[in-house]
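Presented below is the structure to which this report refers.
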Amino acid sequence: MKPFRCLICGETYMGEGPADRCPFCGVQGKNLVAAPEWINYGSIKMSDESYSDCEKALSLELNNQAFYKCAASSAETQISEAIFKRLSKQEGEHAELIAEMMGVEEPAMPQVECTKSDEENFMEAHRRESGAIKFYLEIASRAPEERVKQVFRALAEVESEHLKVSNIFR
Ligand SMILES: [Fe+2]
Ligand SMILES: [Fe+2]
């Protein structure tokens, strides 16, 4: 087994080869490298507009993390529970990553309501993910910083996959 590391969230994992998705933040396998090739971007200097975009994205991720946690705890089947549980963890990774990029402490997760119906929660997930994708593509296109572009493009790809999963009832 060899150590690999994600260029987006920075998490490490051990395996025989690069995975098809980051097991933590969910980004595509092209973002996974052998540990010695990893680049530590840490917190970065950014424009006021990018900083304000990151603040909004951080709150969006924490809100979605909390929503999916609620949806997992009231899931009607083991499949929906597994999906919502993973989505909650991934949004939590995204929040952690954005806070780190901004150089701030990650705020506490808010209280977010969900319903007892998987169908309604997947519809709400669809609404949330559509909004996130649109917003992240806007951030990526206007940000002057390469790292901000890289991160939000990668996150928009993950949220697009969440959107596909949320179409389960459509
Ligand atoms: Fe990752
Ligand atoms: Fe996310």
Side-chain angles (χ1 to χ4, degrees), residues 1-44 50 52-72 82-102 104 106-110 112 114 121-141 143 146-168:
M1 287 212 300
K2 285 190 298 188
F4 290 88
R5 200 153 189 180
C6 177
L7 285 170
I8 302 299
C9 74
E11 281 296 339
T12 65
Y13 68 94
M14 305 276 279
E16 296 301 333
D20 70 326
R21 297 286 182 282
C22 172
F24 300 93
C25 71
V27 297
Q28 294 181 5
K30 64 187 176 192
N31 298 292
L32 302 171
V33 293
E37 273 120 60
W38 182 69
I39 301 162
N40 184 4
Y41 293 97
S43 71
I44 60 159
S50 288
S52 143
D53 281 343
C54 283
E55 276 180 328
K56 290 182 197 126
L58 176 55
S59 127
L60 183 156
E61 292 292 350
L62 289 167
N63 207 280
N64 287 356
Q65 177 189 18
F67 167 72
Y68 286 128
K69 190 174 178 207
C70 176
I83 292 171
F84 287 134
K85 186 172 160 63
R86 175 75 342 233
L87 295 185
S88 179
K89 294 276 184 184
Q90 286 191 354
E91 307 301 28
E93 277 306 329
H94 299 173
E96 193 181 322
L97 150 70
I98 295 165
E100 195 189 333
M101 190 161 72
M102 297 169 72
V104 300
E106 190 184 335
M109 190 171 55
V112 175
C114 63
N121 288 334
F122 276 115
M123 278 166 62
E124 172 64 10
H126 182 91
R127 193 192 63 76
R128 286 170 176 268
E129 298 297 349
S130 305
I133 295 162
K134 185 170 173 284
F135 181 41
Y136 291 177
L137 292 176
E138 282 167 17
I139 300 178
S141 75
E146 262 322 301
R147 174 64 176 166
V148 176
K149 285 181 182 297
Q150 177 195 27
V151 164
F152 283 99
R153 274 194 208 115
L155 293 186
E157 286 174 359
V158 182
E159 315 302 9
S160 299
E161 296 195 324
H162 291 182
L163 185 71
K164 280 187 212 148
V165 171
S166 77
N167 285 338
I168 196 163

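One-based numbering, in listed order, for ligands and for the atoms of each.
At a threshold of 4.0 Å, the pair Arg128-Glu91 does not count as salt-bridged, since none of the basic side-chain nitrogens sits closer than that to a carboxylate oxygen. Salt-bridge formation is not detected for the pair Lys164/Glu161: no Lys NZ or Arg NE/NH1/NH2 atom is positioned less than 4.0 Å from an Asp or Glu carboxylate oxygen. Look at Glu138 and Lys134 and you find a salt bridge, because one of the NZ, NE, NH1 or NH2 atoms lies within 4.0 Å of a carboxylate O, short of that distance.
Residues Ile98 and Leu155 are in side-chain contact: their nearest non-hydrogen atoms beyond the backbone lie under 4.5 Å apart.
Here Glu91 contributes OE1 and Glu61 contributes OE2, and at the Fe ion (ligand 2) these two atoms make an angle of 140°, given to 10°.
Side-chain N or O atoms of Asn31 include one that pairs as donor or acceptor with a backbone N or O of Gln28 at under 3.5 Å.
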Can you give each donor-acceptor pair under 3.5 Å made by side-chain atoms of residues 3-17, sequence neighbours left out, with the distance rounded to 0.1 Å?
unit_1	atom_1	unit_2	atom_2	d
Arg5	NE	Gly10	O	2.8
Arg5	NH2	Gly10	O	3.3
Tyr13	OH	Ala19	N	2.7

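Heavy-atom contacts from other residues, nucleotides or ligands closer than 6.0 Å to NZ of Lys149 number more than 12.
Sorted by chain and number, the protein atoms of type N, O or S within less than 2.8 Å of the Fe ion (ligand 1) are Cys6 SG, Cys9 SG, Cys22 SG, Cys25 SG.
Taking the N/O/S atoms of His94 in turn, the shortest distance to the Fe ion (ligand 2) belongs to ND1. The N, O or S atom of Glu159 lying closest to the Fe ion (ligand 2) is OE2.
Residue His162 does not count as close to the Fe ion (ligand 2), with no N, O or S atom under 2.8 Å.
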message = If you apply the rule side-chain contact (heavy atoms from CB on, under 4.5 Å), what do you find for His126 with Leu163, and how did you get there?
response = CA-CA 6 Å; His126 182 91; Leu163 185 71; 3.4 Å; yes
